[in-house]
Amino acid sequence: MRPLVPTVLREEPSYRLLFGSQVLSVVGDRVASVALPFAVLAIGGGVGEVAVTSAAQFLPFVVLAVPAGVWADRWDRKRILVASDAVRLVTQTVAAVLLLTGEARVSHLVVLAAVFGAADAFFSPAFSGLLPTTVSPGNIQPANALRGLTFSLANVVGPVVAGLLIGFAGGPGSAFVFDAATFACSVLLLLPLRTSVVDAAAEEDEQASPETSFRTSLREGWHEVRSRSWVLGYLGGFSVYHAITLPAIFVVGPVLMRSDYDGARSWALVTALFGVGNILGDALLLAWRPRFALRVGALMLVGASCQAAIIGSHLSVWGIGLLELLTGICVTGTFTLWETSLGEHIPPAALSRVSSYDYLSSTGMIPLGNLLVGTVAAAFGVFPTLYAMSAISIVTALVVVRIPSVWSLPRGTVSGSSA
């Protein structure tokens, strides 16, 4: 009988600690992300204030992602994770106290959101760099699949928990209490994390030339990116996906569901089925190890790029939702296999810097894309815009598929190759 607990969790004690901390903080973040706009509205803010608060949390990430990647490769990544979680524990605690005591103002939430975003900017590249060092090479893919599964489950569980807390346990402030508690637990799990790979890396850092400058490290990180055509190709594909495809989810989709369907209930069904697809995709990659991970990921990116056209397909809500379930499998597959390939082929000492360009080319494109697509949709109409969005994204994904190094990159451990 097959064990219910995945092999990577049974065999890798350090990864168990990292995974446990990730599960808790991700669920807490999803709860807080739902509560934040309601918190702004509850203290008298409007749509504009909600937008400003959201931007305050996001913009530090755009500014700091690449420098944070450099620092994550120069410093102890575990300490960065602990410090980042500790800072976010403080911000969420302060927000909770202000909201629960009735002393909160929009300006308070804006500042706290900005500090939270800055801490998150340090956490993400450090986590990407640390994860492969907590597992054996053969467990990198399932480790990334389980990480993706935490996001997928949190997207389903987080809004439910947030709704219960906001509606029955004291309002938005209680949601921030919950998020703060998850960060406290995350810190406790991260503190004992220690592996032989981490020890070795720390010793190398101590022996490394101390005069290596920040600028030199930044330049070396960019060299690791541009010397690999498969990395550049994927970064280009992700930029287009996040700038062109995702606004169908963030901007156009909800508007269309309100005007042509049953509003929030219809959109909830579509997004829930997409989340189910994410979970199925993560479960698939826990068991399936494709021989050419990057090739399969690029093909899945083609499927993921169909989302805008699906939303504008005039099908029933169930028809759209079931097709979105399939794209959910493709989306989580693309990102899991990409993260796996980075872990297998990028030198550990440069992994956080390379990952920081990934975050910049993906997360950094979202606000630009939302603004661009919203403007185009207002000028040319919703449906033509959705079809054009998918056409551009699909063509871009097919270009990524055609890159020789993407098609032929084998599985590996860690190498310094520049394919």
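Excluded from the calculations below are hydrogen atoms, water molecules and symmetry mates; all remaining heavy atoms, backbone and side chain alike, are included.
Taken to the nearest 0.5 Å, the OG atom of Ser239 stands 13.0 Å off from the OH atom of Tyr357. Rounding to the nearest 0.5 Å gives a distance of 7.0 Å between CG of Asp358 and OG of Ser128. Ser84 OG to Phe122 CZ: the interatomic distance, rounded to the nearest 0.5 Å, is 9.0 Å. Atom CD1 in Ile329 sits 11.0 Å away from atom OG in Ser152 (nearest 0.5 Å). If you take CD1 on Ile346 and OG on Ser341, they are separated by 9.5 Å, rounding to the nearest 0.5 Å. Interatomic distance, Gln22 CD to Thr182 OG1, rounded to the nearest 0.5 Å: 11.0 Å.
Leu232 has its side chain within reach of Arg226: a pair of non-hydrogen atoms, C-beta onward, lies under 4.5 Å apart. The closest side-chain heavy-atom distance from Leu337 to Pro290 is below 4.5 Å. The side-chain heavy atoms of Leu17 and Pro192, taken from C-beta on, include a pair separated by under 4.5 Å. Residues Tyr241 and Gln307 have side chains in contact (heavy-atom distance under 4.5 Å, counting atoms from C-beta outward). Between Phe123 and Ile80, every side-chain heavy-atom pair lies at or beyond the 4.5 Å cut-off. Contact annotation: the side chain of Trp222 never approaches that of Arg353 to less than 4.5 Å [non-hydrogen atoms, C-beta and beyond]. A 4.5 Å side-chain heavy-atom check between Leu18 and Leu81 finds at least one atom pair inside the cut-off. Considering only heavy atoms from C-beta on, Trp230 stays 4.5 Å or farther from Pro404 through its side chain.
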### Task
Given side-chain contact (heavy atoms from CB on, under 4.5 Å), test Thr334 with Leu299 step by step and report yes or no.
CA-CA 8 Å; Thr334 298; Leu299 292 171; over 6 Å; no

### Query
Could you go step by step and tell me if Leu323 and Thr327 meet the side-chain contact (heavy atoms from CB on, under 4.5 Å) rule?
CA-CA 7 Å; Leu323 289 176; Thr327 64; 5.7 Å; no

### Steps toward side chain to side chain donor-acceptor pair (under 3.5 Å) verdict (Ser405, Ser229)
CA-CA 7 Å; Ser405 58; Ser229 57; 2.5 Å; yes

### Query
Taking it one step at a time, do Gln141 and Glu339 satisfy side-chain contact (heavy atoms from CB on, under 4.5 Å)?
CA-CA 8 Å; Gln141 180 180 305; Glu339 291 279 355; over 6 Å; no

### Query
Under the side-chain contact (heavy atoms from CB on, under 4.5 Å) criterion, do Val82 and Leu191 qualify, and how do the steps go?
CA-CA 7 Å; Val82 171; Leu191 286 174; 4.1 Å; yes

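A donor-acceptor distance shorter than 3.5 angstrom exists from the side chain of His345 to the backbone of Pro410, with no hydrogens or angles considered. Of the possible polar contacts, one joining the Ser390 side chain to the Ser305 backbone as a donor-acceptor pair under 3.5 Å is found. With Ser14 contributing its side chain and Thr134 its backbone, the two residues share no donor-acceptor pair below 3.5 Å. Judged purely by atom type and a 3.5 angstrom limit, Arg77 uses its side chain to pair as donor or acceptor with the backbone of Gly129. Using modelled atom types, one side-chain atom of Thr396 and one backbone atom of Ile392 make a donor-acceptor pair closer than 3.5 Å. At distances below 3.5 Å, not a single donor-acceptor pair connects side-chain atoms of Ser355 with backbone N or O atoms of Pro125.
Cation-pi geometry between Arg147 and Phe19 is not satisfied (NZ or CZ under 6.0 Å from the ring centre, within 45° of the ring normal). For Arg88 and Phe116, the positive end sits near the middle of the six-membered ring, less than 6.0 Å away and at most 45° from its axis.
Classified by interplanar angle (parallel below 30°, tilted 30° to 60°, perpendicular above 60°), the ring pair Phe335/His242 is perpendicular.
Paired with Phe176 under the rule side chain to side chain contact (heavy atoms under 4.5 Å, CB included), one option of Leu36, Leu112, Leu100 passes, and it is Leu36. Screening Ile403, Val406, Leu342 for a side chain to side chain contact (heavy atoms under 4.5 Å, CB included) involving Tyr234 leaves a single residue, Val406. Results of the side chain to side chain contact (heavy atoms under 4.5 Å, CB included) test with Tyr15 over Leu193, Thr133, Asn139, Leu131 single out Leu131 as the only residue that passes.
Atom CZ of Arg289 sits in a crowded spot, with more than 12 heavy atoms from other residues, nucleotides or ligands closer than 6.0 Å.
Using a 3.5 Å distance cut-off with no hydrogens or angles, the side chains of Trp338 and Asn144 do not pair a donor with an acceptor. Ser393 and Thr245 are linked by a side-chain donor-acceptor pair at a separation below 3.5 angstrom, with hydrogens and angles left out of the test. A donor and an acceptor atom, one from each side chain of Asn278 and Thr332, are nowhere located under 3.5 Å apart.
Here the closest heavy-atom approach between residue Ala114 and residue Pro60 is recorded as O-CG, 3.5 Å. Closest approach of Gly333 and Met300 over heavy atoms only: CA-SD, 3.4 Å. For Gly173 against Ala96, the heavy-atom pair with the smallest separation is O-CB, 3.6 Å. Residue Leu109 comes nearest to Ala95 through the heavy atom pair CD2-CB, 4.4 Å, listed as atom of the first residue, atom of the second, then distance. Closest approach of Thr101 and Val97 over heavy atoms only: OG1-O, 2.7 Å. Heavy atoms only, all atoms of each residue included: Asp179 and Gly28 are closest at OD1-C, 2.9 Å.
Ring centers of Phe292 and Trp407: at least 6.0 Å apart, outside the cut-off.
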